[in-house]
**Student:** 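For reference, the structure I am asking about is given below.
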Amino acid sequence: MVPTPAQPQPQYATHDVTNQAPPLAPYDASEDPALLEGLRREGAGWAEEGIRRLGRRSGSAEAQEWGEQANRHEPVLRTHDRYGNRIDEVEFHPSWHHLMRVAVAEGLAGAPWADDRPGAHVARTAGGLAWGHTEAGHGCPTSMTYAAVPALRAQPDLAKIYEPLLTSREYEPGLRVPTDKRGLLAGMGMTEKQGGSDVRTNTTVATPTAESGMYTLRGHKWFTSAPMCDVFLVLAQAPQGLSCFLVPRVLPDGSRNTFRIQRLKDKLGNRSNASSEPEFDGTVAWLVGPEGRGVKTIIEMVNCTRLDCVMSSATLMRKTLVEAGHHARHRSAFGARLLDQPLMRNVLADLALESEAATTLTLRLAGAADRAVRGDAGEQAFRRIATAVGKYWVTKRGPAFTAEALECLGGNGYVEDSGMPRHYREAPLLSIWEGSGNVNALDVLRALGREPGAAEALFAELALAQGADARLDAAVARLKDRLAETDQTGARRSVELMALALQASLLVRHAPPAVADAFCASRLDGDWGHAFGTLSGAADLGAILERALPGGN
């Protein structure tokens with residue numbers, strides 16, 4: 001009988017298998033106090049039962065296997081059928097479709113825009129923090145679908161047709177007339193070879209047709225993920241300047257729109273998700289918003305996807321921390337469990353601080369987004385600057401975090417079977433997607449200089465913790481001094497201090513004293529080294545680990 005994970009051979013002729021951690025699955029991916037407390041605090045406590053259910057499903061052996069299989073069996077581009085007809089389709093492993101079906105059904109795509117309950121957008125983010133423990137790639141199309149809805153609302157006649165389908169909880173793969181389907185997915189096509197984030201240099205041309213609002217596109221896109229989505233928001237140069245367009249894969253008459261996929265990207269990570277280079281040549285498109293206002297039209301989409309970058313980084317941190325803690329609980333070395341060894345406890349506690357700070361900030365940003373949608377101008381101003389701050393910092397922390405968590409498993413973490421290499425390859429993507437670190441740091445400066453109320457909103461949030469911790473008060477004072485003279489050269493350092501002060505203020509107000517104290521001492525007061533695992537001897541490692549690791553300290 002061939003051994004399986006459920007039925008390992010008890011021994012070999014030469015040795016017994018001992019001192020290896022058992023499989024983590026099944027486990028509960030929602031078993032995280034920072035997640036559940038943030039869910040309630042940000043107005044979505046009504047969703048807790050569903051998040052807990054989703055967390056248990058995410059940590060099931062079945063769902064974990066879906067994530068593994070979707071990455072082992074990568075998508076395959078089929079440019080032509082057997083007869084030579086151009087089809088431009090991408091085939092996915094069944095596990096991809098299983099992951100997508102659950103994500104859409106659980107409201108992780110466009111569903112919150114059709115949900116009037118306060119906290120609907122927070123519930124979606126919390127669901128992403130739990131379900132993201134399966135794998136990251138399929139979060140791309142769900143994120144873009146979520147983000148497409150507010151951008152599409154700039155063109156009410158199109159929104160009336162497509163929004164009910166984009167907010168559906170039905171996953172229906174395959175290219176068909178969009179309005180004949182029960183649910184749709186949306187992608188985006190912004191960047192081109194010559195410009196990257198500088199989309200104003202785009203060369204794709206949009207030519208008006210005789211029909212009002214209809215154009216034809218000619219050009220290319222450099223990174224267009226999930227090319228099997230039903231519709232795409234695309235930037236192109238119209239007669240009056242850069243504009244936003246809706247491009248369906250299938251036209252209303254059932255014919256294929258011209259969407260020639262030149263190749264799929266051979267990426268470092270995110271392997272389950274197909275990222276493509278499409279070519280447009282007479283491609284039919286409909287204008288979204290006014291001509292020449294493409295960036296303004298699509299900026300709301302970018303704000304949404306940037307939040308999802310923060311969420312996905314926080315999810316990777318939590319997932320790899322859980323894996324590292326599980327290994328340390330079951331592995332022994334030099335006469336004691338790794339979890340009982342002081343230096344390993346310092347590493348895990350330090351990682352736990354970073355993870356909780358990232359999760360808490362993610363849910364605060366989701367709360368701001370939810371309240372901004374409902375007309376809160378103060379939260380809109382806070383969201384504008386804080387999302388860019390969080391996108392810069394949390395996604396920057398991801399690669400170093402996942403590397404340290406991987407190292408906790410030693411050589412076991414360096415092999416593909418552990419899953420840790422996949423997480424490590426995924427981590428850098430979140431800092432690159434939707435604007436690299438420099439783009440987001442400069443966007444923060446832009447918000448401070450051009451967006452009314454952005455700075456005031458940020459400091460109003462920080463003031464909620466004023467007087468609670470002297471180290472935080474000192475950091476806020478330093479931040480005010482820096483912002484008075486920050487230029488482009490110092491942008492990263494200023495944004496880093498903003499992020500740390502914001503995370504610290506949230507932890508001081510909402511986390512247990514052991515967590516808040518250790519975070520402020522290390523991140524704000526300099527009582528820290530240059531790597532994880534360098535917390536002061538004064539830090540209450542036991543209390544931090546008791547809170548952070550499923551199953552206790």
Side-chain angles (χ1 to χ4, degrees), residues 88 90 110 140-141 143-155 157-159 161-163 165-166 175 178 184-209 211 213-252 256-265 274-305 433-435:
D88 295 290
V90 179
C140 181
S143 178
M144 292 189 297
T145 302
Y146 170 69
V149 173
L152 193 60
R153 287 177 174 176
Q155 197 66 37
D157 58 328
L158 294 178
I161 297 169
Y162 291 103
E163 185 172 329
L165 296 167
L166 292 169
L175 296 180
L184 302 178
L185 296 175
M188 65 171 78
M190 293 194 289
T191 61
E192 297 181 3
K193 293 185 181 76
Q194 72 285 346
S197 296
D198 188 4
V199 295
R200 294 189 185 278
T201 65
N202 283 6
T203 61
T204 297
V205 174
T207 303
T209 69
E211 182 177 330
M214 181 187 289
Y215 292 67
T216 59
L217 307 185
R218 192 168 195 274
H220 75 284
K221 293 295 170 181
W222 190 227
F223 268 98
T224 298
S225 285
M228 289 302 288
C229 286
D230 300 283
V231 295
F232 293 81
L233 290 180
V234 171
L235 291 178
Q237 300 287 358
Q240 295 185 44
L242 191 67
S243 306
C244 181
F245 297 89
L246 180 76
V247 176
R249 285 295 313 266
V250 179
L251 296 172
R256 292 285 183 94
N257 207 359
T258 304
F259 193 99
R260 301 192 187 108
I261 303 175
Q262 303 303 302
R263 62 173 174 170
L264 300 184
K265 297 290 192 180
S275 297
S276 68
E277 297 174 25
E279 182 179 87
F280 305 137
D281 190 7
T283 302
V284 178
W286 281 267
L287 183 66
V288 178
E291 260 198 33
R293 304 297 298 276
V295 173
K296 182 176 177 59
T297 299
I298 213 166
I299 196 65
E300 183 63 22
M301 188 174 192
V302 173
N303 285 335
C304 291
T305 48
W433 188 36
E434 293 304 1

**Student:** Once ring-ring contact (aromatic ring centres under 6.0 Å, His included) is applied, do any residues pair with F259, and if so which ones, sequence neighbours excluded?
**Tutor:** F232, F280

**Student:** Please round to the nearest 0.5 Å and tell me the distance separating atom CG of L251 and atom CG of N257.
**Tutor:**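 So the CG of L251 and the CG of N257 are separated by 4.0 Å.
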
**Student:** Using side chain to side chain contact (heavy atoms under 4.5 Å, CB included) as the criterion, list what pairs up with V199, not counting sequence neighbours.
**Tutor:** M190, N202, L235, L242, V295

**Student:** So, do L184 and T145 sit near enough that their side-chain heavy atoms are less than 4.5 Å apart?
**Tutor:**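 A side-chain contact is absent here, since even the closest heavy-atom pair is not under 4.5 Å.
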
**Student:** Using a strict cut-off of less than 4.0 Å between a Lys/Arg side-chain nitrogen and an Asp/Glu carboxylate oxygen, indicate whether K221 and E192 qualify as a salt bridge.
**Tutor:**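 Salt bridge: yes.
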
**Student:** How many angstroms lie between OH in Y146 and OG1 in T305, if you round to the nearest 0.5 Å?
**Tutor:** 10.5 Å

**Student:** A side-chain contact here means heavy atoms from C-beta on lying under 4.5 Å apart; do Q237 and T203 qualify?
**Tutor:**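 They are not in contact (no side-chain heavy atoms under 4.5 Å apart), so the answer is no.
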
**Student:** Between atom CZ of R293 and atom CD of Q240, what is the distance when rounded to the nearest 0.5 Å?
**Tutor:**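 Between R293 CZ and Q240 CD, I get 11.0 Å after rounding to 0.5 Å.
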
**Student:** What distance do C229 atom SG and M144 atom CE have between them, rounded to the nearest 0.5 Å?
**Tutor:** 5.0 Å

**Student:** Determine whether W433 and S143 make a side-chain contact, defined as any pair of heavy atoms from C-beta on separated by less than 4.5 Å.
**Tutor:**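 With C-beta onward as the side chain, the pair touches.
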
**Student:** Are the side chains of L246 and L233 in touch, meaning some heavy atoms are under 4.5 Å apart?
**Tutor:**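 Side chain of L246 against side chain of L233, heavy atoms only: contact under 4.5 Å found.
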
**Student:** Taking CZ in R153 as the centre, count heavy atoms belonging to other residues, nucleotides or ligands within less than 6.0 Å. Is the count above 12?
**Tutor:** yes

**Student:** So, the side chain of S243 versus the backbone of G241: is there a donor-acceptor pair under 3.5 Å, distance only?
**Tutor:** yes

